[in-house]
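Proteins get letters first, then strands, A, B, ... in listed order; numbering begins at 1 in each.
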Amino acid sequence: MRLLTHNMLSCNIKGVTNGFPLRIEAEKVVEKQLEINHDFLRNIFPKIDWKAFSDASRIMGYHELPEEPPEPSVLESDAEFLGKFHHALLELHLEEGALICPETGRKFPVSKGIPNMLLLEDEV
Amino acid sequence: MPGNSLEMSYKTAQIRLVSSHPEVYEPCDDSFALVDALLSDQKHLLEHKPILCMEVGCGSGYVITSLMLLLGDEANRAQFIATDINPHAITVTRETMEAHGVHAELINTDIASGLESRLAGSIDLLVVNPPYVPTPEDEVGREGIASAWAGGENGRSVIDKILPVADKLLSERGWLYMVTLTTNNPSQICQQMMKKGYASRIVVQRSTEEESLHIIKFWRDIDIEVDANNGVTSSTPLGILDSVRSQIQRLPFWGSSDINAGTN
């Protein structure tokens, strides 16, 4: 699971109002190289919740992202920043671990890179 | 690039590389019809330049893999997400994608549960081959392979859950391709979606020994939205009906061979 996906996931339990971001419990993080695509990064940037993303990157062991959301102009001018953004968003994978609901503490396991968001009957 | 066009048009997942599992639906006529619909719209998909693409109910992974392959270089400027309620399907999809050297983010979930709030209005391309087979209602939502086909009354139970989710996820320029069976009453599905502002057309229509399949493409149509708003603000229900009727007449609907008619 990439941090892009983490940034798009919220707790889906019925009645939970504060289910984002899910807290990452990282047991195994892997890096998989991917060719950088500036168009994608520019297009996806406005959709990213920066705080959730940069916090998640640190939990995954990557400490190069600024805590404050950068100005969109850096996407045009700062190749170094684009490289870091790309790496954290798409090259870091949570292979084993869990995602934890900030409101209920419910654990959604991540196994072989795949989050299991299936709910129990009383949670739907 | 005329030299590449032939090669490009044959780029779909290879059946011999599609993984399998006793509890996972294998690529079948419906899967092939959906991929054929995407292939016939390939030129438009390449021009569409989707950024976030998604498949709900990825099964064997045949469709999402084919989608990534047929987008070719354009797939590099997009990301792909696929969901399935069946954990075995997720595993098989991962194996199928690995065999083809492509990657989509996989999530084991019901339809798009957990993704709906953050991905709202963000999906530019959504493909769905839903469980559309009419079955007793209590067969819907069972574990394993039954989840791939059990569709409840008229095969509509899961389709009717997916459509509002699709409406929520699709971006302003989002496209939805969905497999339906004649028994599902596709024209009624289209009218229902029209009320939400979507135009539609049948991209592929195919009858097999067992079933008659329609692959329908939906997209937001500004005209329909304007009509609907006018109807609401002037509070004349008749006006809404009239506008829907005229839209139905305008649609290049059943059996159209003009694949690329209209704005899309």
J.: Report the C-alpha separation of M1(A) and L99(A) in whole Å, then their side-chain angles, then the decisive distance to 0.1 Å, and conclude whether the side-chain contact (heavy atoms from CB on, under 4.5 Å) test is met.
T.: CA-CA 11 Å; M1(A) 186 197 72; L99(A) 304 172; 4.0 Å; yes
J.: By a 4.5 Å heavy-atom criterion (distance strictly below it), what part of L89(A) contacts chain B: side chain, backbone, both, or neither?
T.: neither
J.: Do K107(A) and E25(A) meet the salt-bridge criterion of a basic N to acidic O distance under 4.0 Å?
T.: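 K107(A) and E25(A): salt-bridged.
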J.: Could you tell me whether R220(B) and D167(B) make a salt bridge, using a distance below 4.0 angstrom between a side-chain N and a carboxylate O?
T.: yes
J.: Can you tell which part of L4(A) gets under 4.5 Å to a heavy atom of chain B, answering side chain, backbone, both or neither?
T.: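 For L4(A), the side chain is the part near chain B, not the backbone.
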J.: Does any donor atom in the side chain of Y25(B) or N129(B) lie under 3.5 Å from an acceptor atom in the other side chain?
T.: no
J.: Shorter than 4.5 Å, heavy atoms on both sides: which option in A78(B), P87(B), A112(B), G121(B) has the most such pairs with chain A?
T.: A78(B)
J.: Under a 4.5 Å heavy-atom cut-off, does chain A meet the side chain of E116(B), its backbone, both or neither?
T.: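 Interface part for E116(B): neither.
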J.: Of the backbone (N, CA, C, O) and the side chain (C-beta and beyond), which part of I85(B) lies under 4.5 Å from a heavy atom of chain A, both, or neither?
T.: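 Backbone plus side chain of I85(B), per the 4.5 Å heavy-atom cut-off to chain A.
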J.: Under 4.5 Å from any heavy atom of chain B, what part of K32(A) do you find: side chain, backbone, both or neither?
T.: neither
J.: Non-hydrogen atoms of chain A under 4.5 Å away: do they reach the side chain of I81(B), the backbone, both or neither?
T.: neither
J.: Can you tell me if R23(A) has over 12 outside heavy atoms packed within less than 6.0 Å of its CZ?
T.: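 Open: at most 12 neighbouring heavy atoms sit under 6.0 Å from CZ of R23(A).
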J.: When the ring centroid of H103(B) is compared with that of F80(B), is the distance short of 6.0 Å?
T.: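 Not under 6.0 Å, so no.
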J.: L90(A), L119(A), V110(A): which one forms the most heavy-atom pairs within less than 4.5 Å of chain B?
T.: L90(A)
J.: Using 30° and 60° as the class limits, which term best fits the ring planes of H48(B) and W175(B): parallel, tilted or perpendicular?
T.: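 Correct class here is parallel.
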J.: Should we count CD of E143(B) as having more than 12 external heavy atoms under 6.0 Å?
T.: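 12 or below, so no.
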J.: What part of L34(A) is in contact with chain B, defined as an atom under 4.5 angstrom from a non-hydrogen atom: side chain, backbone, both or neither?
T.: side chain
J.: With only heavy atoms counted, which part of S117(B) is less than 4.5 Å from chain A, the side chain, the backbone, both or neither?
T.: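 For S117(B), the side chain is the part near chain A, not the backbone.
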J.: What part of H93(A) gets closer than 4.5 Å to chain B, counting heavy atoms only: side chain, backbone, both or neither?
T.: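 For H93(A), side-chain heavy atoms alone lie under 4.5 Å from chain B.
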